[in-house]
Amino acid sequence: MTEANAKFRPFETNLDPEQSLKTLRAATDGADDGELFLERRRSEALVLDDGRIKTASYDASEGFGMRAILGETAGYAHSSEISEAALKRAAETARLAVGDGGGTMAPPPRATNQRLYTDRDPFQDASFPVKIEVLREIDAYARALDPKVVQVSASLSASMQEVDILRPDGVHLSEARPLTGINISVIVEKNGRRESGHHATGGRHGMAQLLTRDHWQEVAKEALRIALVNLEAEDAPAGVMDVVLGNGWPGILLHEAIGHGLEGDFNRKGSSAFAELMGKRIAAEGVTVVDDGTIPDRRGSLSFDDEGTPTQRNVLIEDGILVGYMQDRQNARLMGVEATGNGRRQSYAHAPMPRMTNTIMLGGTLDPAEVLAGVEDGIYAVGFGGGQVDITNGKFVFSCTEAYRVKNGVVGNPVKGATLIGDGATALKNIRAIGNDMALDPGIGSCGKAGQSVPVGVGQPTLLIGGLTVGGSAA
């Protein structure tokens, strides 16, 4: 094993365990909570665009963050230098938040043997030349699928995050978190008109399964299918109408418009549209939403969060009633509830906060065809691109990458340029039908909050929402 691939062992190579614990305890003496978070991350990205390798990057970083918490105040210091001297400097800074102390140290997270993914290094699955050759094969294959293909882009990504968490009570956790993905985009042309389609898959597993011919061929076919659908699409209509969301990836609308509003910090501060509504109906009957960080190999899953709390299946909305929020340790303590395993951070340079993992609406009883049959005049949206959401009121705007006109329960021509406009609280109450086909997304989600990005998952069944505003350009 090369030095670069050797396991991350900071308390064997850089730090003395006893001295590190002593320094952490000095920083958190009189505090309510705190931890030392150490991380090494390696990442690789290979991008082939129009037959040429456009990007070939490899990055490696390591460092630590130390936190001391008293009440609502948190002191946080981080460094890319893992040494006793850097630890002492960080402790002096983090200590400033504690002042004269007076806090009572929170109990440690419960112990867990939960392991949801392999710790195999994804960089060992294939050499650099092999991955380059796979990208070239993808390019040739996609072009041979249809003469209308004029451009192909394909990328492979892999990362390995290794973390160690040390708490003032002496609890020490460590694990390795792999993450890989493949993304293929296709541009097609017909009679001077060009349209694109893309598809991607990924998760917390090795690179090997993404590199099999059967796998990447299916990804390429799906990207081409979407591009060809868009090539025949008409301008989307505009107005208030019923919208059917497809299963799987359309759950990103649920994640953004509803999920963020159910994170503990927004509710503790009263800035969420769902604040003060615990135990009350916020959605239509039959709507149950969970955040589940325990699904094996999923992009949003973690064996334990970035504070050391084991992840779990948290029910947020049950049959339309608000029953739970997602919590990190600090917000949970301040709200008098238990931490839920949702304390996440982008890296050692960031303090944790309540974040989603895999946010899912559970399935109902209807066949998807029955859901569509209930639409007289509307849109069937099965693919989404970018969107914007205001957390304080849940208002959202999302653009569709694949959508169809629906009239009298029949799915008609594809439409382009459709945007969905509404607010999460109203959309939840206007859900009129829920399919029995709940599916998870293919493993492509990332979530931004307060300048931090973390991998997440989404999922939902086919569902009908009444009275959404659709933005379009059709006359």
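Note that the numbering runs from 1 along the sequence shown for the chain.
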How about [X] and [Y]: does a side-chain donor come under 3.5 Å of a side-chain acceptor?
X: Gln151; Y: Asp50; value: no
X: Glu175; Y: Ser303; value: yes
X: Asn183; Y: His198; value: no
X: His205; Y: Thr118; value: no
X: Asn247; Y: Thr462; value: no
X: Ser153; Y: Asp49; value: yes
X: Asp305; Y: Thr311; value: no
X: Gln19; Y: Glu84; value: no
X: Ser79; Y: Glu81; value: no
X: Arg299; Y: Ser446; value: yes
X: Asn314; Y: Asn342; value: yes
X: Asp292; Y: Thr294; value: yes

> Going through the distances and angles, do Arg213 and Glu137 end up as a salt bridge (Lys or Arg N to Asp or Glu O under 4.0 Å)?
Replying inline: CA-CA 9 Å; Arg213 185 168 279 103; Glu137 288 184 36; 2.6 Å; yes
Is [Y] close to [X] at the side-chain level, that is, under 4.5 Å between some pair of heavy atoms?
X: Val323; Y: Ile317; answer: no
X: Val375; Y: Tyr380; answer: no
X: Pro109; Y: Arg329; answer: yes
X: Val188; Y: Val150; answer: no
X: Leu211; Y: Asp125; answer: no
X: Glu234; Y: Lys416; answer: no

>> For the CG atom of Leu316 and the CE atom of Met361, what is their distance to the nearest 0.5 Å?
In response: 11.0 Å
> Between OG1 of Thr357 and CG of Asp291, what distance do you get to the nearest 0.5 Å?
Replying inline: 3.5 Å
> Can you pull the side-chain hydrogen bond (donor to acceptor under 3.5 Å, both in side chains) pairs that have at least one residue in residues 363-372, sequence neighbours excluded?
Replying inline: none
Donor-acceptor pair, distance only, cut-off 3.5 Å: does the side chain of [X] make one with the backbone of [Y]?
X: Glu39; Y: Tyr348; value: yes
X: Arg204; Y: Pro178; value: yes
X: Gln452; Y: Gln346; value: yes
X: Asp441; Y: Ile444; value: yes
X: Asn331; Y: Gln327; value: no

> Quick one: is the NZ or CZ of Lys449 closer than 6.0 Å to the six-membered ring centre of Phe266, and within 45° of its axis?
Replying inline: yes
> Is the cationic atom of Arg345 (NZ for Lys, CZ for Arg) positioned less than 6.0 Å from the six-membered ring centroid of Phe64 and within 45 degrees of its normal?
Replying inline: no
With a 6.0 Å cut-off (strictly less than), is the heavy-atom count around [atom1] of [X], excluding the residue itself, greater than 12?
X: Glu338; atom1: CD; answer: no
X: Arg193; atom1: CZ; answer: yes
X: Arg313; atom1: CZ; answer: no

> Are the ring centres of Tyr76 and His350 closer than 6.0 Å?
Replying inline: no
>> Could you walk me through whether Glu402 and Arg225 satisfy the salt bridge (Lys or Arg N to Asp or Glu O under 4.0 Å) test, starting with their C-alpha distance in whole Å, then the side-chain angles of each, then the deciding distance to 0.1 Å, before giving a yes or no?
In response: CA-CA 10 Å; Glu402 182 183 359; Arg225 184 195 66 79; 2.9 Å; yes
> So among Glu222, Gln209, His215, which one has a side-chain hydrogen bond (donor to acceptor under 3.5 Å, both in side chains) with Thr201?
Replying inline: His215
